[in-house]
Structure formats: structure tokens, C-alpha cells
**Q** 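My questions all concern the structure below.
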Amino acid sequence: PISRCGFVAILGAPNAGKSTLLNRLTGAKLSIVTPKAQTTRFRVLGILLRGPVQILLVDTPGIFRPRRRLDRAMVRAAWTGAQDADLQLLLVDARAGLTDEVRDIAQHLRARAREGAPQAWLVLNKIDLTSPPRLLPLTAELNTLASFEQTYMVSATNGDGLDALQSALAEAMPAGPHLYPDDNLTDLSDRLLAAELVREQIFLQTHEEVPYGTTGETENW
């Protein structure tokens, strides 16, 4: 079998389920998940092995209309991660539908496509929480805003539709050697993962007491 390897950038508005999708596809807790928007603040790489194919999934910060300097840095990091990818996935919360943020991202994707950006696929998430009659009109509306090569409907929480998405991603990856050892799950250090897991629990356990801008630093390991 031919060795394949490529980068897939997961884009979307805050709370679309990008980190949940990354964790579900890789089968590991790599990106922290909380109900708070902008939980993911930097690029997180998840390594998915499917036969001879290594799929490098990049979970990016949620894209939104930035107000602060940190906001602008996170949005810039998201688009930078997408620019370097072989394929872009626009993950949309099907329950929330076509929000202003999703509309902005789709229009930005269309503008970038004219400049030779990687092809984009549309992935509607949270279909387990959405009435099926809403899905096709939402798909049609999004395809008028940007050109999507393929569309998938999934639930990152319970795994619905993810086998078909994984198979399609594997087929779409370009031929080439694997860039990471096959037993690696991410390129993040254990120290950073530990700090992120602590930050996740701070948000979950003390969300009314601790400032949202909290970060964590591992002093001893």
C-alpha cells in the first residue's frame, strides 16, 4: 500500500465542537473541552493512523470577531494553521445554524479559495441534537457562501458519521512518508498537556469564581 500523509485543519466558530471532534477521531484526550468559548487558545495536533495513511489533524482556536489583542492572535493562529494544511474542514454546529460568525468564516474561505487555498469540506456537527429537516437547507445555504468539495453530517459526541469522514480523509491525503512516529498521538509535550488538563478542570469546577483569562504553567514534573 502507498504511504500517505497530510495535514487537515479543523476550522469553525467557538463551541462548534472542534476539540471534541479531534479527541473522538484520535481516540485520545488531546484538546481540552469546556462549555466556555475560546477554550482552545493555540494549535493542537492530533495524529490519526488509518492503515498506511497518517492524518495530521490540527485543532485551531475558534474563529470569531476579535476585540482584544489575545483574540486577534487566536484568530490569526487559526487561519495560519489552515493555510499550511492540505485540506480544510469547516465544522458547523448544526443546532446553532448559520450564525454571523459561520457566515464570516464561509465568506473568508471563498475569498481564500481564489488565492489558491487548500480545498474545503463542510462538516455539520451535533446532528444528534438537530432535527433532520434542518440539515439539507443549512447545507445548501452554506454552499452558496463557499464552495465545499464534500459535505459530511456527524456527531462528534457519539461518533455518528465519523467512520465515513475518516475514510474520506484517508483517501484525500497526498502520497508521502509519515512525518511522525506511528505510535505518537500528538506533538505536544506531557508538561503542556498536564497544564491544559488543569486549566480544563479550573473552568469546569470553579467557573463562577476564577477569571476566564486563567492559564496554567507546570512548575514541577
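Just so it is clear, the model here is predicted, and its values are computed rather than measured. One is the number of the first residue; the rest follow in order along the sequence.
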**Q** Can you find a pair of side-chain heavy atoms, one from Leu142 and one from Val102, that are under 4.5 Å apart?
**A** yes
**Q** Nearest 0.5 Å, please: how far is CD1 in Ile105 from CZ in Arg103?
**A** 12.0 Å
**Q** Should Leu49 and Ile10 be counted in the same cluster of Ile, Leu, Val, Met, Phe, Trp and Tyr side chains packed under 4.5 Å apart?
**A** no
**Q** Is there a path of hydrophobic side-chain contacts, each under 4.5 Å between heavy atoms, that joins Leu90 and Leu136?
**A** yes
**Q** So which atom in Ile47 and which in Asn184 form the shortest heavy-atom distance, rounded to 0.1 Å?
**A** CB-O, 3.5 Å
**Q** Could you walk me through whether Lys18 and Asp59 pass the salt bridge (Lys or Arg N to Asp or Glu O under 4.0 Å) check?
**A** CA-CA 6 Å; Lys18 298 180 295 299; Asp59 179 20; 5.5 Å; no
**Q** Stepwise, does the side chain to side chain contact (heavy atoms under 4.5 Å, CB included) test hold for Leu89 with Leu169?
**A** CA-CA 10 Å; Leu89 297 184; Leu169 289 174; 4.2 Å; yes
**Q** Same hydrophobic cluster for Leu109 and Leu145, using side-chain heavy-atom links shorter than 4.5 Å among ILVMFWY?
**A** yes
**Q** Answer yes or no: is there a side-chain heavy-atom contact under 4.5 Å between Thr130 and Leu124?
**A** no
**Q** Could you report the tightest heavy-atom contact between Ala168 and Tyr152, atom names first, then the distance?
**A** CB-OH, 2.9 Å
**Q** Considering all heavy atoms of both residues, which atom of Cys5 and which atom of Pro177 are nearest to each other, and what is their separation?
**A** CB-O, 3.4 Å
**Q** For residues 156-163, run the donor-acceptor check on the side chains, cut-off 3.5 Å, and write out each pair with its distance to 0.1 Å, sequence neighbours left out.
**A**
unit_1	atom_1	unit_2	atom_2	d
Asn158	OD1	Ser155	OG	3.0
Asn158	OD1	Asp160	N	3.0

**Q** If you measure from CG on Leu165 to CD on Gln150, what distance do you get to the nearest 0.5 Å?
**A** 9.0 Å
**Q** Please lay out, stage by stage, how Thr151 and Asn143 fare under the test side chain to side chain contact (heavy atoms under 4.5 Å, CB included).
**A** CA-CA 9 Å; Thr151 299; Asn143 272 280; 3.9 Å; yes
**Q** Taking all heavy atoms of Arg4 and all of Met173, pick out the closest pair and write down the distance.
**A** NH1-O, 2.7 Å
**Q** How close do Leu56 and Tyr180 get, counting heavy atoms only, and between which atoms?
**A** CD2-CD1, 3.7 Å
**Q** Can you tell me how far CG of Leu57 sits from CZ of Phe7, rounded to the nearest 0.5 angstrom?
**A** 10.5 Å
**Q** May I ask you to decide if Glu141's main-chain N or O and Thr144's side chain share a donor-acceptor pair within less than 3.5 Å?
**A** yes
**Q** Is there a donor-acceptor contact under 3.5 Å from the side chain of Asn125 to the main chain of Asp93?
**A** no
**Q** Sub-3.5 Å donor-acceptor pair from the side chain of Arg134 to the main-chain atoms of Arg95, do we have one?
**A** yes
**Q** Can you list the residues that meet the side-chain hydrogen bond (donor to acceptor under 3.5 Å, both in side chains) rule with Gln119, with sequence neighbours excluded?
**A** Trp121
**Q** Test your reading of the model: is there a side-chain donor-acceptor pair from Gln88 to the backbone of Leu11, 3.5 Å cut-off?
**A** no
**Q** Which heavy atom of Gln54 sits nearest a heavy atom of Asp182, and at what distance?
**A** NE2-OD1, 3.4 Å
**Q** Is Leu45 linked to Leu179 within one hydrophobic cluster, defined over Ile, Leu, Val, Met, Phe, Trp and Tyr using a side-chain heavy-atom separation of less than 4.5 Å?
**A** yes
**Q** To the nearest 0.5 angstrom, please state how far the OG1 atom of Thr26 sits from the CD atom of Gln166.
**A** 9.5 Å
**Q** A side-chain contact here means heavy atoms from C-beta on lying under 4.5 Å apart; do Thr139 and Met153 qualify?
**A** yes
